[in-house]
Amino acid sequence: MIDIRLLREDPDRIRAAQKHRGESVAVVDALLSADDRWRSTIAAYEHLRAEQKSLGKQIPRAQGEQKQTLLARTKELSAQVKTAEAAQNEADREFRELAMALPNLASPEAPVGGEDDFVVLEEIGTPRDFAAEGFAPRDHLELGTLLGAIDVERGAKVSGARFYVLTGIGAQLELALVAASIAKATEWGFVPMLPPALVKPSAMEGTGFLGQAADDVYHLPKDDLYLVGTSEVALAAYHGDEIFDAETLPLRYAAFSPCFRREAGSYGKDTRGIFRVHWFDKVEMFTYTTVEESDAEHQRLLAYEKEWMTALGLPFRVVDVAAGDLGSSAVRKFDCEAWIPAQGKYRELTSTSNCTQFQSRRLDTRVRRAGRTEHVATLNGTLMASTRTIIALLENHQQPDGSVLVPEMLQPHLGGRTVLEPIT
RNA sequence: GGAGGUGUCGCAUAGUGGCCUAGUGCGCCCGCCUGCUAAGCGGGUUGAGGAUGAAACCUCUCGCGGGUUCAAAUCCCGCCACCUCCGCCA
């Protein structure tokens, strides 16, 4: 949600941000007039209510005819107050509906354009030259099958398309990745968290996932609960309706949770293997801080992601996502895309967003500073998304015989193993 | 799933329809007193919103939402959370 004061004082900034995203500018005028309506209805209601209260106070002391007159007048007022209150509620509802639909203000620094208009900020590491090495790289599914690590056929048997089972060394590999990433995050000062993957509508709404992303979210109608697509949802809602003391910020969490995505509208895309699936596990970083600190914190989260990818020995590039592809809650977003040899492309492995006050306004998470309260900034960033990390590891570290070298950092978490061997 | 209980200001508690503009204690903040500290004394201490150049001012906020009433922390209905017991279960 945006700041009502900003809407009143500088609507042009919101118009510019909308334009930057390639979205409607007209909603700003609709919001302004809804705000006008709301303000006049609330003034009318409060005026009537004040009169009702002051007259009502005289009633117990009044006698006889005077009392009857007062009672008649307040009875009349009572009805008027009720009408005015209903009008005020309706105007408030209309305004909120419009305001909740508005995305966060895109940062002017985010590149102009849509999905394909990202800017590559840097490339780290060099993709292997398999031709020079004299063999064609196998893709992750082939490797996963050789290693006895990935079973998509039985995943489909059990749960349907876009499901998989990690088996044997595949299961151990994920657990090692989780342990290693949580260990890193803890070392960096993040508090490890295991939040629920099932959340209330308010948590989903508060993080902005029931807007344009609603089709991608699993809903359990019988209980009116949602399956999270990321633990960001639970972590953002975790401190909802709270007011922090200034010195408790920044607050950094690293959560492990399963993630569920319907992948509506991606039929036929990335159908092979476990690249695009309905469920995967993820370790996510999440920060509560002040708006002023949020850009620096965003860079910090990005730096952690880079450090992690580098420790895994993955060649990758960092991408500055264009304004039109930000999603509703972010003002700016950086993706780390790892080189996937079998695809010959860089693909998204991690993503970090600065959501400034968008989520904290909806969830009402504030900080008390200098005697005032203000909404905090929230930021999130992937540390380790299991399936895609496994894909990148297998493909980038494969050898001609189908074995896979284990990056040094993971070895202690795999009982000292340095190489994963095909099963016979 | 069944039965019962509880939900008031940071914490503890008072409050059974109008003197509640929510009292008191603790904690916290400011001041006085004091060589310093403590004690003592005085004042302040939820959050949000409207109006204004700024204020004074006004409205909402007693878990949440509705209702009854001229008037609701208080009465009624629904929901939520927590506690106790029973059943079931990893």
Side-chain angles (χ1 to χ4, degrees), chain A residues 1-10 31-100 194-206 220-226 234 237-249 251 257-258 288 290-291 357-376:
Chain A
M1 199 156 71
I2 46 102
D3 185 353
I4 301 181
R5 276 189 201 109
L6 181 70
L7 173 74
R8 289 171 188 162
E9 284 160 22
D10 194 4
L31 268 167
L32 281 168
S33 76
D35 181 45
D36 267 351
R37 272 200 306 283
W38 175 69
R39 279 200 276 181
S40 63
T41 55
I42 199 164
Y45 159 72
E46 286 183 0
H47 180 79
L48 284 167
R49 177 75 178 139
E51 190 180 351
Q52 181 193 33
K53 282 176 72 173
S54 83
L55 290 185
K57 246 172 244 170
Q58 299 170 28
I59 288 174
R61 279 174 280 137
Q63 294 293 323
E65 199 180 319
Q66 198 193 4
K67 185 161 191 167
Q68 292 313 308
T69 316
L70 269 175
L71 279 174
R73 173 69 187 131
T74 47
K75 186 152 199 170
E76 197 180 306
L77 262 175
S78 172
Q80 290 174 7
V81 165
K82 208 160 276 186
T83 310
E85 190 181 12
Q88 187 262 117
N89 284 338
E90 176 60 15
D92 181 65
R93 197 191 56 77
E94 280 173 22
F95 178 82
R96 287 189 89 71
E97 202 167 286
L98 285 169
M100 289 292 268
L194 293 171
L198 224 43
V199 299
K200 299 201 282 187
S202 56
M204 222 55 188
E205 182 78 58
L220 279 59
K222 200 170 174 185
D223 302 283
D224 200 16
L225 290 171
Y226 291 89
Y238 186 64
H239 286 297
D241 295 318
E242 292 182 26
I243 303 176
F244 295 117
D245 290 323
E247 59 272 18
T248 60
L249 299 182
L251 208 48
S257 86
Y288 291 90
T290 59
V291 180
Q357 298 173 311
F358 180 85
Q359 297 176 333
S360 66
R361 279 211 190 84
R362 297 166 157 240
L363 294 162
D364 209 15
T365 309
R366 288 167 290 170
V367 57
R368 202 188 321 269
R369 284 207 297 173
R372 308 183 137 269
T373 64
E374 64 184 47
H375 288 98
V376 300

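Salt bridge absent: A:Lys82 and A:Glu85 never bring a charged side-chain N and a carboxylate O closer than 4.0 Å.
Nucleotide B:rC26 forms a Watson-Crick or G-U wobble pair with B:rG10, both donor-acceptor distances falling under 3.5 Å. Using N1 to N3 plus N6-O4 or O6-N4 for Watson-Crick, or N1-O2 and O6-N3 for G-U wobble, each under 3.5 Å, B:rU21 pairs with nothing. Of the nucleotides present, none pairs with B:rA71 by Watson-Crick or G-U wobble criteria with both distances under 3.5 Å. Under the Watson-Crick or G-U wobble criterion, with both distances below 3.5 Å, B:rG87 is left unpaired in every strand shown. With a 3.5 Å ceiling on both atom-pair distances, the Watson-Crick or G-U wobble partner of B:rC60 is B:rG47. Here B:rC82 sits opposite B:rG5 as a Watson-Crick or G-U wobble pair (both hydrogen-bonding atom distances under 3.5 Å).
Checking the phosphate oxygens (OP1, OP2) of B:rG47, no side-chain nitrogen or oxygen of A:Arg372 falls inside 4.0 Å. Under 4.0 angstrom from either OP1 or OP2 of B:rA71 there lies at least one side-chain N or O belonging to A:Ser78.
Nearest to the side-chain atoms of A:Arg368 among the listed nucleotides B:rA48, B:rG47, B:rG49 stands B:rG47. For A:Gln52, taking side-chain heavy atoms from C-beta onward, the closest of the listed nucleotides B:rG47, B:rA48, B:rA71 is B:rA71. For A:Arg5, whose side chain is taken as the heavy atoms from C-beta onward, the closest listed nucleotide among B:rG18, B:rU59, B:rG49 is B:rG49. Between B:rG47, B:rU59, B:rA51, one nucleotide has an atom nearer to the side chain of A:Arg39 than all others, and that is B:rA51. Residue A:Thr373 has its side chain nearest to B:rA48 when only B:rG47, B:rA48, B:rC70 are considered. Nearest to the side-chain atoms of A:Thr74 among the listed nucleotides B:rC70, B:rU46, B:rG18 stands B:rC70.
As rounded to whole Å, 12 Å separates atom C1' of B:rU59 from atom NE2 of A:His47. Distance, A:Leu71 CG to B:rC70 P: 8 Å, rounded to whole Å. Rounding to whole angstrom units, CD of residue A:Glu85 and P of B:rC58 are separated by 19 Å. With rounding to whole Å, A:Arg93 atom CZ is found 14 Å from B:rG66 atom P. Atom P of nucleotide B:rU46 and atom CG of A:Asp245 are separated by 15 Å, given to the nearest angstrom. Distance, A:Asp3 CG to B:rG49 P: 10 Å, rounded to whole Å.
Residue contacts shown for A:Arg366 are limited to sugar-phosphate atoms, with no base heavy atom under 4.0 Å away. Note on A:Arg8: only backbone sugar-phosphate atoms sit closer than 4.0 angstrom, heavy atoms only; bases stay farther off. Counting any heavy atom pair closer than 4.0 Å across all strands shown, A:Lys57 reaches no nucleic acid atom. Within the 4.0 angstrom heavy-atom criterion, only backbone atoms of the sugar-phosphate kind lie near A:Lys82; the bases stay farther away.
Mapping A:Lys200 and A:Glu51 onto RNA chain B by nearest heavy atom places A:Glu51 closer to the 5' end of the strand. Nearer to the 5' terminus of RNA chain B, by closest-nucleotide assignment, is the contact made by A:Arg49 (compared with the other of A:Arg49 and A:Leu70).
The number of heavy atoms from other shown groups lying within 6.0 Å of CZ (A:Arg96) does not exceed 12. Counted within 6.0 Å of OH on A:Tyr238, heavy atoms from surrounding residues, nucleotides or ligands total 12 or fewer; the atom is thus considered open.
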Could you please spell out the steps behind the salt bridge (Lys or Arg N to Asp or Glu O under 4.0 Å) verdict for A:Arg73 and A:Glu76? CA-CA 5 Å; A:Arg73 173 69 187 131; A:Glu76 197 180 306; 3.3 Å; yes
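Between B:rA3 and B:rC60, the distance separating the two P atoms is 38 Å to the nearest Å. Taking atom C1' on both B:rA22 and B:rU74, the two are 12 Å apart, rounded to the nearest angstrom. The C1' atoms of B:rG5 and B:rA90 are separated by 29 Å, rounded to the nearest whole Å. B:rC20 and B:rG27 have their P atoms separated by 26 Å, given to the nearest Å. For the C1' atoms, the distance linking B:rA72 with B:rU61 amounts to 14 Å, nearest Å. Nucleotides B:rG49 and B:rG31 have their C1' atoms positioned 32 Å apart, rounded to a whole Å. Across the C1' atoms, B:rU6 and B:rU13 are found 15 Å apart, a figure rounded to whole Å. Between B:rG87 and B:rG78, the two C1' atoms lie 26 Å apart (nearest whole Å).
Here the side chains of A:Leu70 and A:Lys67 are not in contact, with every heavy-atom distance at 4.5 Å or above. At a threshold of 4.5 Å between non-hydrogen side-chain atoms, the residues A:His239 and A:Val376 do not count as touching.
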